[in-house]
Amino acid sequence: MENRDFARILSETADLMEIAGEDGFRIRSYRNGASILEGHTERVSDILRDPGRKVTDIPGIGKGLALVLTEIEARGSCDTRDKLLQRFSPAALEFLKIQGLGPKSIALLIERFELKSMDDLERVCREQKLRDLPRMGAKLEEKVLRSIEQYKQRTGRYLLSIADQTAEELIQHLSSLTGIDSITPAGSLRRGKETIGDLDLLVTGPNAVAALEAVATHPKVQEVLGRGANKTSVKFGREGLQVDVRALLHDSFGAAMQYFTGSKEHNVALRQRAVRMGFKLSEYGLFRISDEVRVAGATEEEIYEALGLQWIPPELRENLGEIELAEARALPRLVELSDIRGDLHMHTTATDGRATLEEMALAARAHGYDYIAITDHSKALAMAFGLDEKRVTDFAATVRKINETGDLGIHILSGLECDILQAGDMDIEWDALAELDLVIGSVHSHMNQEPAAMTDRLLRALECPHLTAFGHPTGRLLLHRDEFPFDFDRVIGAAVQRGVRMEINASPERLDLSANHARAAKAKGAKFIVSTDAHHPKSLANMKYGIATARRAGLAREDILNTLAPEQFLSELRTSKIS
DNA sequence: GCCGTTTTCGGCCCGACTGTTTTCAGTCG
């Protein structure tokens, strides 16, 4: 049992207790516990099994939760959760994802209509039964129906991080087998797409078929969907992500990689090109049509080369002009994870982060960074105990002192993720912002404004001379909340003029800007930062997802501020502050 | 349910919005 499994069960129990109307503080302890375990570096399972150790040594875990954790370790659930699931049905947890319904309404609806599934909920809305209940009306019925529609659309897609972690887990699992040369993820994961439908793993080696068996019998497999001589399909893990594993011959590995990496559109265009040149391209290789002799197939490079093309990075394979660029030998040199010299967006225990400034700094140093910006929330986020003017200026002074000592071995920038208020004013007075090295302006409230109002709001924010970058500029949450609409071109145009960068937020729940938006922004001359928005040291590792997004957008190192070496970076920041 | 240099009980986080009302409960962040 991994920490995130403990965390999930605690968090589900908290959801259910909320529906049951239990004590709010008790619920918060469960949620808090979940969040702590999620970020805890040591395995809870290991601590529980060690008689010399106590889970209660973890701050936030007391006697009560320790008992619950023991129970979860023993049988994968706890009494409280089981009883509540029986009372409300597992569908209750899904209902919480529907906008407009909270715990109170869900409890009432389940009690009144004996709802057992999302379909049941949809039916009572269509039958206009909600309006008979107190404080519910026609508008709510509409809202819930709209949200159910969105809910249905997003099932079957998974966050990039889920697919990535599953791939890592399976590769780890298979690497113990003998006779395996390589295990490589293909498909949309290799292309770094923001959400993933299923995971493709390609295996080569004299004993590659053994991998098929090993995956089919993995303890976390929910269901084996198919078993063939060269391919196994399973539903994996609690998320039920479909994983296809293929055993491949060595000499057609490149062709298979190319074929299974996609995208479909890219492959169609490539095969058309092959035919025009007298070849046939398939997952088995590139063949001359005249005599069926295979001319390439062992590596992707030789296939692209034989077609008169530069090798095309997977992230660009969408048939959006990359083939023409490859023909002209004019593909951009895409930014790499190793180009990143610092992370510019992260939180600490001063607001809603889980680690101190020192802990974040040390973790960043372990990533090999030269500098980081600490960007806690501003006071509009009262819930996160956001910083007011006094705390902002005190913080700036503290950071100056830390840098003087140099004790942390990494340069710290004093930053702020400052709320952009409803009308576009910054949540913190300009005088205080002036004390900081860097200000990220973000929208966290009133996201449902009309596009014109949102455009004005963002343009007004650009009037602040201390703004460095827009944080998660479209506010989307993948599979959860759409972007807020505004006049993108106008805002980008103004930001370019003001020298304000656009963030590519690397959190896998956001990836905001999207690759498409970032590509469009670059075309208008925008510059970027790629940053994790980490609330925990572990999340600093999310940088790779932001880089994947940047690469999909065709960004090079030069487009991204935090690829600069420290001296250049600081001088660039100072210049933009003066201008 | 957790926690303690205001300590073993009594705090713990709150403001804005929405849709439903006729003074506000529930949702959201």
Side-chain angles (χ1 to χ4, degrees), chain A residues 6-7 9-11 13-37 54-72 78-81 84 95-111 125 128 130-147 347 349-352 354 377-388 417 419-423 427 442-450 453 471-472 475-477 480-482 484 507 509-510 533 535:
Chain A
F6 284 105
I9 291 165
L10 286 187
S11 154
T13 310
D15 284 348
L16 289 163
M17 292 190 325
E18 205 164 12
I19 293 169
E22 294 190 14
D23 174 61
F25 294 113
R26 194 171 164 223
I27 293 166
R28 207 172 67 181
S29 297
Y30 273 73
R31 277 203 213 296
N32 189 39
S35 148
I36 286 163
L37 295 188
K54 295 199 296 277
V55 275
T56 46
D57 286 341
I58 304 172
I61 307 295
K63 278 187 194 161
L65 284 180
L67 277 176
V68 173
L69 291 177
T70 312
E71 212 185 338
I72 296 173
C78 62
D79 225 31
T80 319
R81 174 172 176 270
L84 289 171
F95 294 167
L96 280 170
K97 297 175 187 161
I98 299 301
Q99 276 166 24
L101 293 186
K104 292 281 159 48
S105 313
I106 290 171
L108 179 62
L109 287 171
I110 289 180
E111 203 168 293
C125 286
Q128 309 193 332
L130 264 56
R131 60 187 71 180
D132 300 338
L133 296 172
R135 294 192 168 274
M136 293 190 191
K139 286 213 171 160
L140 183 68
E141 286 165 354
E142 274 172 41
K143 187 173 181 176
V144 168
L145 283 172
R146 267 201 312 277
S147 185
H347 298 269
T349 44
T351 59
D352 60 351
R354 299 230 64 94
H377 288 291
S378 63
K379 63 180 187 286
L381 282 189
M383 185 196 162
F385 192 42
L387 274 60
D388 59 14
E417 185 182 17
D419 262 55
I420 298 171
L421 303 178
Q422 186 166 13
D427 184 31
S442 296
V443 169
H444 287 122
S445 60
H446 304 99
M447 294 193 190
N448 51 358
Q449 282 177 324
E450 289 299 313
H472 43 74
R476 72 170 178 173
L477 292 175
H480 186 66
R481 182 175 71 206
D482 289 339
F484 49 70
S507 163
E509 285 90 22
R510 291 192 183 271
D533 200 352
H535 286 66

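Chain A is the first sequence line, chain B the second, and so forth, proteins listed ahead of strands; every chain is numbered from 1.
- A/D15 has a carboxylate O that lies under 4.0 Å from a charged side-chain N of A/R31, or vice versa, which qualifies the two as a salt bridge.
- Expressed to the nearest 0.5 Å, how far CZ of A/R146 lies from SG of A/C125 amounts to 11.5 Å.
- Pairing for B/dC12 goes to B/dG1, judged as Watson-Crick or G-U wobble with the two contacts each under 3.5 Å.
- The side chain of A/N448 contributes an N or O atom lying less than 4.0 Å from OP1 or OP2 of B/dT18.
- The closest side-chain donor-acceptor pair between A/E417 and A/H472 falls under 3.5 angstrom.
- The side-chain contact (heavy atoms from CB on, under 4.5 Å) search around A/Q422 returns A/H446, A/Q449, not counting sequence neighbours.
- Separation of the C1' atoms belonging to B/dC28 and B/dT22 is 24 Å when rounded to the nearest angstrom.
- When the P atom of B/dC2 is taken as reference, atom CD1 of A/I58 falls 12 Å away, rounded to whole Å.
- With values rounded to the nearest 0.5 angstrom, A/I420 atom CD1 is found 10.5 Å from A/D427 atom CG.
- When each of B/dT18, B/dG1, B/dC17 is scored by its nearest atom to the side-chain atoms of A/R26, the top-ranked nucleotide is B/dG1.
- Classification of the A/H444-A/H377 ring pair by plane angle, with boundaries at 30° and 60°, yields perpendicular.
- Using atom P as the reference point in both B/dA16 and B/dT20, the two lie 22 Å apart (nearest Å).
- Taking the C1' atoms as reference points, B/dT23 lies 16 Å from B/dC17, given to the whole Å.
- Using a 4.0 Å heavy-atom distance criterion, A/F385 is classed as making no nucleic acid contact.
- A straight line from CD of A/Q449 to P of B/dT18 spans 10 Å, rounded to a whole angstrom.
- Comparing A/I61 and A/R28 by the nucleotide of DNA chain B whose heavy atom lies nearest to each, the residue mapping closer to the 5' end is A/I61.
- A distance of about 26 Å separates the P atoms of B/dC13 and B/dT18, rounded to the whole Å.
- Under 4.0 angstrom from either OP1 or OP2 of B/dA16 there lies no side-chain N or O belonging to A/H446.
- Rounded to a whole Å, the CG atom of A/D388 is 15 Å from the P atom of B/dC14.
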* Structure fact -> Scoring nucleotides 19-29 of chain B by protein non-hydrogen atoms under 4.0 Å (B base, S sugar-phosphate only, - none) yields BB---BSSSSS

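- Screening residues 56-70 of chain A for side chain to side chain donor-acceptor pair (under 3.5 Å) gives no qualifying pairs among residues at least two apart or on separate chains.
- The phosphate of B/dC17 (OP1 or OP2) has a side-chain N or O of A/Q422 nearer than 4.0 angstrom.
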